[in-house]
Amino acid sequence: MIKLYKNLKPYTAMVIAVLFFVALQSIGDLYLPTLMSDIINEGVMQGDTSRILQIGGTMLLVAGAGVIASILASLLSAKVATGLGTILRSKIFRKVESFSLNEFDKLGTATLITRTTNDVTQIQTVTVMIMRMMISAPIMATGGIFMALSKDKPLTWVLAVSIPVLAIVVAILASRMMPLFKQVQVKIDRINLVLREKLTGIRVIRAFNTIERERKRFDDANVDLTGNYIKVNRIMAFMMPSIMLVMNFTSLAILWFGGIRISEGNMDLGALAAFTQYAMQIMMSMLMLAMMFIMVPRAQAAAVRINEVLDTVPDITDAENTKDSFTGKGYVEFNDVTFSYHGAEQPALNNISFAAKPGEVTAIIGSTGSGKSTLVNLIPRFYDIDSGSILVDGVDVRDISQENLRSKIGFVPQKAVLFSGTIAENIKFGSDNATEEEIKHAAEVAQAADFIATMDGGYDHEIAQGGTNVSGGQKQRLSIARALVRKPEIYIFDDSFSALDFKTDAKLRAALKKETLESTVLIVAQRVGTVMDADRIIVLDEGRIAGMGTHKELLNNCDVYREIVSSQLSEEEMR
Ligand code: ADP
Ligand code: MG
C-alpha cells in the first residue's frame with residue numbers, strides 16, 4: 001500500500017493541508033470540554049451571566065472553527081483520494097495495454113476489471129479514512145488522557161480499567177472480521193467472471209436451455225459473497241452494542257465515583273462534566289484506531305492485487321535498440337520456428353520455415369487446431385517464439401518496435417471484433433487519417449458497400465456494443481475493410497472468408513487481388529476453393545508443415561492436402 005501512496009506525489013501539498021486541518025479540528029475538540037467545565041464552574045455555579053456569554057462565545061468560535069476545518073479536511077481528502085484513484089486506474093489501464101496475450105491468458109479479464117474498479121475504490125475509501133484518522137486518533141487519545149488527568153487524577157483509574165476492556169472486545173471482533181474482508185475481493189472476482197461469461201454467452205445459454213445451470217452457477221457465487229457479508233455484519237451487529245455497553249458502563253462509573261468525589265469536596269461539577277466527555281473522546285479515538293486496523297488490511301489486500309498488475313513485466317517488450325529505420329515491402333520469413341503456449345505440454349508449432357513475398361498470396365490450410373491462427377498471430381508478435389526466428393523485411397520481429405511492426409500489418413482476426421460506434425468509425429479504426437473516399441472504397445472492396453447502403457444511416461449506422469446488430473459475415477467484411485484502409489505492407493486474413501457464401505467469397509478475393517498487388521498477403525482458410533489460386537499453399541497438420549506448393553503441386557505430392565481436397569469435393573458432389 002505504501003508503494004501505491006508514492007503516486008500521491010502531486011498531491012503532497014493537499015495531503016499536508018488535510019493533516020493540518022484535521023489536527024486543528026482535533027485540538028478544538030479537545031478544548032471544548034474544558035470550556036464547558038469553565039462555564040459550569042465560573043458561570044452557572046456563580047450565576048454570572050456575562051461570564052457564561054463570554055465563555056459561550058469562545059465555545060461557539062472554537063466549534064465554528066472546528067466545523068470549517070472539518071469541512072476543508074473532508075473536501076481536500078476527497079480530492080486527494082479520487083485523484084489517487086484516477087492515477088491508479090490509468091496506470092493499471094496503461095499497464096494492461098502493454099500486456100502481451102500471455103498475460104491476459106494468465107490473469108483473466110474478470111479479475112483485471114475488478115482490480116481496476118473495485119480494488120481501486122477500496123484504496124480510495126481507505127485513503128480518506130487514513131488521512132482523517134491517522135492524525136486525529138492519536139491526538140484525541142493522548143490529548144484526551146492528558147486533559148482527563150488534568151481534571152482529576154484519581155478518576156482516571158476508571159479509564160485504566162475500561163480502555164483495556166474495550167481494546168480486548170474490539171481486538172477479538174476485529175481479528176474475526178479481517179479474514180472475511182480479505183476474501184470479499186476474491187469473491188467479487190468470481191461473480192464478475194461468471195457474469196461476464198454469462199453475458200457474452202447469452203445466446204448459447206438460451207439455445208442450449210442451460211439457463212438453470214447458469215443461474216445456479218451465478219447464485220452459488222452470489223450466495224457465497226452474500227454469506228461473507230452476512231458473517232461480517234453479524235460481527236458488526238455484535239460489535240456496536242458491546243462497545244456501547246463498555247462506554248455506558250464507563251460513563252456510569254465516572255458519574256458514580258465522580259459523584260462520590262464531588263460530595264467529598266475533592267472535585268467540582270465542571271471537572272466531572274469535562275471528564276465524562278474526555279473519556280468518550282478517548283474511547284472514540286480508540287475505536288477509530290480499531291476501524292483502521294480492520295479497514296487497512298482489506299485495502300492492503302486490494303493493494304497487493306493492484307501491485308500484482310502494475311509489477312507484471314510483460315513477456316513481450318520492445319528491444320533496447322529497435323531497428324526501425326528499415327524499408328521493405330513486407331517480406332515475411334519464418335526460419336525453423338517452434339512455439340508453445342504458456343503451460344502447454346507440446347509445442348503448437350514445430351520447425352516452421354517458409355517465406356511470404358510481396359505481390360504474392362500465401363495461403364495456409366489445415367484442419368481445426370492444426371495451428372493456423374497460432375502461426376499468423378506470431379507475425380504481429382502477439383506471442384514470442386521458443387526458437388527460430390521470424391523476419392519482416394529481413395529484421396527479426398523482436399528487434400522492431402511493436403508499434404512499427406504492427407503499423408505494417410493489416411490484421412483480420414478469426415473472430416471479427418467491432419466496437420460501438422458508427423460503421424465509418426469502425427472502418428476508420430484501421431487508419432486515423434482515412435478519407436471518406438478511402439473508407440467507401442475499402443467497403444466496396446470488402447463487399448460491404450451493398451449491405452451498408454441498405455442500413456439506415458448507411459455509413460453512420462450505429463454498431464451496437466460487441467457488434468451484435470450485424471451478422472457474422474457482415475462483421476467479417478467490415479473488419480476486412482478496416483484492414484484495407486490501413487494500406488499495410490502485410491495483410492493477414494485469419495479465416496476471414498469462412499462466414500461468406502461462395503459467390504461473395506470469390507468476388508471479394510477478386511477485388512482484393514487488385515488492391516493488394518504490391519503487398520504480402522497471408523490467407524488462412526478451411527475451404528480449398530479459397531486457397532486454390534494462391535501462389536503458395538502451406539498445409540499445416542498438427543503444428544507441422546505437411547506440404548508446401550501450388551494447388552497442382554500439392555495434389556501430386558501431399559497426402560494431407562489430397563485428403564482435404566477430396567473430402568470437400570466429394571461433399572459438394574454429393575449435394
Ligand atoms: P487453428 O487456427 O488451426 O484452428 P489454433 O492455432 O487456434 O488452430 O490452435 C492450435 C493449437 O493451439 C490448438 O491445439 C489449441 O488448443 C492451442 N491453443 C490455441 N490458442 C491457445 C491459447 N491461447 N493458449 C493455449 N493453447 C492454445
Ligand atoms: Mg484458427
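Quick caveat: nothing in here was measured; it's all calculated off a predicted structure. Indexing begins at 1, ligand by ligand and atom by atom, following the structure's order.
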Legend entry - Heavy-atom nearest neighbour in the protein, as seen from atom 23 (N) of ligand 1, with distance rounded to 0.1 Å: D105 OD2, 3.3 Å
Legend entry - For Y383, the ligand 1 atoms whose distance to one of its heavy atoms is below 4.0 Å: 23 (N)
Legend entry - Considering all heavy atoms, the nearest R115-I92 contact: O-CD1, 3.9 Å
Inset, instruction - Please state whether G366 comes within less than 4.0 angstrom of ligand 1, counting heavy atoms only. - result: no
Legend entry - Between S100 and D315, a side-chain donor and acceptor under 3.5 Å: no
Legend entry - For atom 18 (N) of ligand 1, the protein heavy atom that lies nearest, with its residue and separation: Y341 CE1, 3.2 Å
Legend entry - A348 N/O under 3.5 Å from ligand 1 N/O: no
Legend entry - Exercise: identify the closest heavy-atom pair between M1 and I123: SD-CD1, 4.1 Å
Legend entry - Whether T374 has an N, O or S atom under 2.8 Å from the Mg ion (ligand 2): no
Inset, instruction - Report yes or no: does F104 have a heavy atom closer than 4.0 Å to ligand 1? - result: no
Legend entry - Exercise: do D396 and S389 side chains pair donor with acceptor under 3.5 Å: no
Inset, instruction - On the 0 to 90° scale, with breaks at 30° and 60°, tag the F104-F99 ring pair as parallel, tilted or perpendicular. - result: perpendicular
Would you mind writing out the side-chain donor-acceptor pairs for residues 415-422 within the sub-3.5 Å range, not counting sequence neighbours?
residue: T422; atom: OG1; partner: E425; partner atom: N; Å: 3.0

Inset, instruction - For atom 3 (O) of ligand 1, find the nearest protein heavy atom and state the residue, atom name and distance (0.1 Å precision). - result: K372 N, 2.9 Å
Legend entry - Nearest-neighbour protein heavy atom for atom 2 (O) of ligand 1, which is reported as residue plus atom name and distance: S373 OG, 2.7 Å
Inset, instruction - Would you kindly specify which portion of F339 sits under 4.0 Å from ligand 1, judged on non-hydrogen atoms: side chain, backbone, both or neither? - result: neither
Legend entry - Any N, O or S atom of Q414 closer than 2.8 Å to the Mg ion (ligand 2): yes
Inset, instruction - Determine, using heavy atoms of A344 and all atoms of ligand 1, whether some pair is separated by less than 4.0 Å. - result: no
Legend entry - Heavy-atom pair with the smallest gap, counting every atom of A355 and T362: O-OG1, 4.5 Å
Inset, instruction - Just say parallel, tilted or perpendicular for the rings of F493 and Y491, cut-offs at 30° and 60°. - result: parallel
Legend entry - Smallest separation among heavy atoms of A483 and P488, with atom names: O-CD, 3.6 Å
Inset, instruction - List the closest protein heavy-atom neighbour of atom 5 (P) of ligand 1: residue, atom name, distance to the nearest 0.1 Å. - result: T374 OG1, 3.5 Å
Inset, instruction - Check ligand 1 against T368 and write out every atom of the ligand that is under 4.0 Å from a heavy-atom position of the residue. - result: 4 (O)
Inset, instruction - Check whether the ring centres of F334 and F339 lie less than 6.0 Å apart, and answer yes or no. - result: no
Inset, instruction - Give the residue and atom name of whichever protein heavy atom lies nearest to atom 14 (O) of ligand 1, and the separation in Å to one decimal. - result: G369 O, 4.0 Å
